[in-house]
Each structure stands twice: as structure tokens, then as C-alpha cells.
Amino acid sequence: MATVKTKSVYFCNNCGYESAKFVGQCPACGQWNTMVEEKVHIGTGGKKKGLVRSTRPVRLSEIEVSEETRIPMPSDELNRVLGGGLVAGSLTLIGGEPGIGKSTLLLQNILSMRGRRILYVSGEESATQLKLRADRLGKVSDNTYILCETQLDGIFTQIENVKPDLVVVDSVQTIMSSEIESAAGSVSQVRECAASLLRYAKESGVPVILVGHINKEGAIAGPKVLEHIVDTVLQFEGDRQYLYRLLRAIKNRFGSTSEIGIYEMIDRGLREVRNPSEMLLSENRGSAMSGTAIGVTMEGVRPFMVEVQALVSPAAYGTPQRSVTGFDQRRLNMLLAVLEKRARFRLGQKDVFLNIAGGLKVTDPALDLAVVAAVMSSNFDLSLPPGTAFAGEVGLSGEVRTVVRMEQRIAEAAKLGFKTIYIPKGNIKGINLPGNINVVEVGLVQDMFQHLFDRNNH
């Protein structure tokens, strides 16, 4: 008969480090004041969930390698990020802000899967709420089973009864094991539940998808060990005030982490955006409007065009304002300092507002050239030539530095009908250039401004 002992253990909220006594600084990750006390049960003689069969070591040369079995998902964008579909026996974690569309994305996909039995475990919503959401999505599936349960034992019992081909747990922070006394969502509960589900996935070959909350810093809530346990970590992000959502892979043991999927939130759920460049560019991009420049950015290995909007005006309240949406404010300050020092443009007493249209957050340094072009266009109140795009990083000395995947950037601009693209000097070596776009190489930001505004004697 199993015996149970209870003891107090201190866990680090940041990394999951376990300590028998309280310490102010975590010895593993170095964070201060992250240790929390939890009561845990230690069972002896009981049966552990998950892998129960014994294993033996095998020589590496004796291991037979076969192509991994993948389950294709109905969404092409989701398949792209996963690397071709869900791998059998894998554990996938999807994180994102509340209300961003994680549950909608999963429910929309599993209701469209035919011929596979799916168990959807919800610890947050009732069966009625899920049925109303399914009706709103306009999808009904007889192969999808809904289980509203938070106890890990009850979930494994129903898994044995249903014998699903895919298990979805929404969310892992609401599931709790009876072997641990602490509340659901605690470090020990999240770690134990995730480990049990991982053992089940590896033993049965059934893929499991977990939904995870994120904290105020934007990272997935719970210990970092949760991300180490799972095979794939997907981040679903975007501004809820805008329609677009980005699905990106942070970790993927079965594919690349360079792919992203783009969705648009509509009344009937999420719609895939197959050509994001055309969606993100305004219809009047060819009109004479100052302060607007088009940059070619990369998200992973996927190029698309974004519209950079800048507004430069005299400071009305003494201290100049620097307001940024969708771009790194520190990088904007650096670019403005470069314009002041190297290009001799006086922006110190002017307000500068910058916005990336569409609600996207862009970190690609190749957008620097488009940012400085938009700022100077607004400063002079002169529009840029129609059909012009930019791709290049700006250094502290004012030089335009080369960026990666220039061939894909130029091809994307040419495909969308742009006539001219400004790129760093020497960035086209060994590249096959399209014949329908004029490529202008610039070595310094001053060269670009002279080329752009020469017609206006600027």
C-alpha cells in the first residue's frame, strides 16, 4: 500500500529551481525574491502516471531512424509554423495574451479535422460556452469530445475511455494533480501536470497540445522548465485593437523556428492571410503623402512589406516628444541621433511620432532605412517617389549596412509592383535581380537623401 508524506518545498517562480529552505536569490537563475513555499506530497510505493514500462540503454548505431509521422492540420499557416503538421507523440505549447484567440485557433482547427477522434479538455470554459463558440465558427464535428475537468486523474481516466488521436488541454495552468497539495497554476502543479502529459504522449504516440497563459512581461506563465519539457512552443501575438495575429515558433524540435503564420480576426473566427504584404499596405501608397515610407522586413524566412508612418513637428511644450508604436523606441532615438550628428539634420527641438501600420511589432534592423526616410519626408513635408521601397540597417557612423536575405526582399517588392528599392551598397553580390525593379545602392544615409530629394533642391 502506498504511503504519503507531506513536506514544504521552496520553488523559484522564474526557473522552477527546488530548494529545501528559503533563499533570497535563486541559485539557478540569479533572480531575487522569486522563491515561493509549497506543500508537496511524496508517495512511496504508488504507481506513477505516464511511462510505466522499463527501458534499457541502446547503442546509438542500433537505433533505427524512420521519417516522423505528422498529422496535417486544416490551417496551412499552422502547418507552416509547425514544420508540416503535428508530430505523433509530440507535446506542443501555445501561449498568448488573454483574448488574443488561442482557443479560437485550436477549436477552429480541430473541428475541421475529419476522421480523427479528438478530446478537448477545458479547465476554463463550460461545455455550453464551447458549443456556442463552435456555432459561431460555423463548424460541427461528431469526432470532437469535450471534457470540462481540472483533475489530472480524471483527465487520464477519460483518455483511456475515449482513446483519442489528439488531446488539447486548455489551459495547463488550470490542471492540478491530487499528488500535490498546492493550488492549480503553482510551479509544482504546472511542472508535474506537464511531465505527466509528456509521458503519456511519448508512450502512446498521441500528440498533446497545451494552452498556456502569459505574464505581464509577455513570457509564458509558470516555470521556465515548462518550456523545456515541451517539444514545441508557439507564441500567438498581436494587438487586440487590430485585426492581425502572428503565430511564431519560439522552440521547435521538429522544424524551423524561422516561420510565422499570419491570421486576421473576423466575425467567424480567424482567417489565414496568405499575402500579408498586400493586407498591410494602404490603398493610397502611391499618392503624394509625406511621412510615409514602405520597408521590406523579414519575419523568419518570410518577407513582407510594411508601411512606416512618421510625423515630425515643432515641439509645442518645451521638451520634444518621442512616441513610437510597433518599433523599438531606443532604436528610433539612435537613428535620430545619427541624423543629427552625421547627416546634419536638426531634429532636437521637434516632436517625432512613429507608427508601424497594421498593429505589427517589427524588430528587423533592415527597417532602419524606411524609418529614416519617413522621418525626413515628414521633416521636409515632401512625399517620397511613388513605388519606392527601402531595406537596410543604419549604423552609428551613418553608413547603410548590409542585411540578410536581400534577394527575397527585392523579389517581394518587385512582385507587388514597386519600381525602385534602396538597399545597402554591396548587398547584391551573387543575386539574380528581377528585371522589373530599379535597385539603388547607397553607402551613407546622406547619399539616399540627396538621391531622394534632389528634385526639390534638398
Side-chain angles (χ1 to χ4, degrees), residues 49 71 73-75 78 86 90-180 183-186 189-190 192-194 196-198 200-201 204 206-214 220-222 226 230 234 236 240 245 247 263 265-271:
K49 301 183 185 67
I71 301 175
M73 304 298 287
S75 170
L78 181 56
L86 274 178
S90 65
L91 185 62
T92 302
L93 174 65
I94 298 182
E97 294 181 355
I100 204 68
K102 305 181 297 297
S103 302
T104 300
L105 174 67
L106 291 175
L107 199 60
Q108 188 170 308
N109 272 272
I110 65 176
L111 290 177
S112 300
M113 297 178 72
R114 304 301 178 192
R116 297 188 184 276
R117 184 173 296 183
I118 300 163
L119 179 62
Y120 188 98
V121 182
S122 176
E124 300 178 345
E125 296 180 274
S126 66
T128 304
Q129 288 176 304
L130 292 171
K131 180 62 168 64
L132 290 173
R133 179 176 294 181
D135 292 341
R136 178 171 57 84
L137 296 174
K139 298 179 183 295
V140 178
S141 173
D142 292 333
N143 294 324
T144 301
Y145 293 81
I146 302 298
L147 173 64
C148 299
E149 178 64 80
T150 58
Q151 290 293 329
L152 189 63
D153 296 333
I155 293 172
F156 278 114
T157 300
Q158 295 307 319
I159 285 176
E160 293 177 3
N161 295 335
V162 176
K163 293 180 172 53
D165 300 314
L166 171 63
V167 177
V168 178
V169 178
D170 186 5
S171 67
V172 66
Q173 279 89 2
T174 63
I175 307 302
M176 59 187 300
S177 171
S178 58
E179 295 181 358
I180 299 175
S186 63
Q189 285 285 6
V190 170
E192 173 63 23
C193 293
S196 298
L197 290 167
L198 175 69
Y200 160 74
S204 64
V206 175
V208 178
I209 301 178
L210 306 178
V211 176
H213 299 158
I214 66 171
I220 295 175
L226 175 62
V230 302
L234 305 181
F236 202 43
R240 282 182 291 177
R245 306 286 189 268
L247 181 67
Y263 294 88
M265 181 65 76
I266 57 177
D267 294 340
R268 299 179 66 83
L270 292 163
R271 186 178 69 84

Residue pairs fulfilling salt bridge (charged side-chain N to carboxylate O under 4.0 Å, His left out) with at least one residue in residues 113-126, sequence neighbours excluded: Glu125-Arg133

Distance check, rounded to the nearest 0.5 Å: [X] atom [atom1] versus [Y] atom [atom2]?
X	Y	atom1	atom2	result
Leu107	Tyr120	CG	OH	5.5 Å
Leu106	Ile118	CG	CD1	10.5 Å
Ser177	Gln151	OG	CD	8.0 Å
Arg271	Ile266	CZ	CD1	6.5 Å
Ile100	Leu270	CD1	CG	9.5 Å
Glu97	Lys102	CD	NZ	8.5 Å

Can you see which heavy atom on [X] is nearest to which on [Y], and at what distance?
X	Y	result
Leu130	Ser122	CD1-CB, 3.8 Å
Gly101	Met265	CA-CE, 4.2 Å
Pro207	Asp165	CD-O, 3.4 Å
Gly269	Leu137	CA-CD2, 3.6 Å
Phe156	Ser196	CZ-O, 3.6 Å
Gln173	Gly212	OE1-CA, 3.5 Å

Passing candidate, side-chain contact (heavy atoms from CB on, under 4.5 Å) with Ile159, options Leu147, Leu119, Val208, Val206: Leu119

Donor-acceptor contact present, side-chain Gln129 to main-chain Ser126, <3.5 Å: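 Yes, Gln129 side chain to Ser126 backbone: donor-acceptor pair under 3.5 Å.
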
All side-chain contact (heavy atoms from CB on, under 4.5 Å) counterparts of Met73, not counting sequence neighbours: Leu78, Asn79, Leu82, Leu86, Asn109, Met113

For Val172, side-chain contact (heavy atoms from CB on, under 4.5 Å) partners two or more places apart: Leu210, Leu226

Under the side chain to side chain donor-acceptor pair (under 3.5 Å) test, residues paired with Arg268 that sit two or more places apart: none

Check: Ile209 and Leu166 side chains under 4.5 Å, non-hydrogen atoms: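 Contact flag for Leu166/Ile209 side chains = yes.
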
side-chain contact (heavy atoms from CB on, under 4.5 Å) between Val121 and Asp170, intermediate numbers included: CA-CA 6 Å; Val121 182; Asp170 186 5; over 6 Å; no

Partner residues of Glu149 under the salt bridge (charged side-chain N to carboxylate O under 4.0 Å, His left out) criterion, sequence neighbours left out: none

Selection residues 134-147 - residue pairs positive for side chain to side chain donor-acceptor pair (under 3.5 Å), sequence neighbours left out: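 Every pair satisfying side chain to side chain donor-acceptor pair (under 3.5 Å) with a residue in residues 134-147: Ser112-Lys139, Lys131-Asp135, Ser141-Thr144.
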
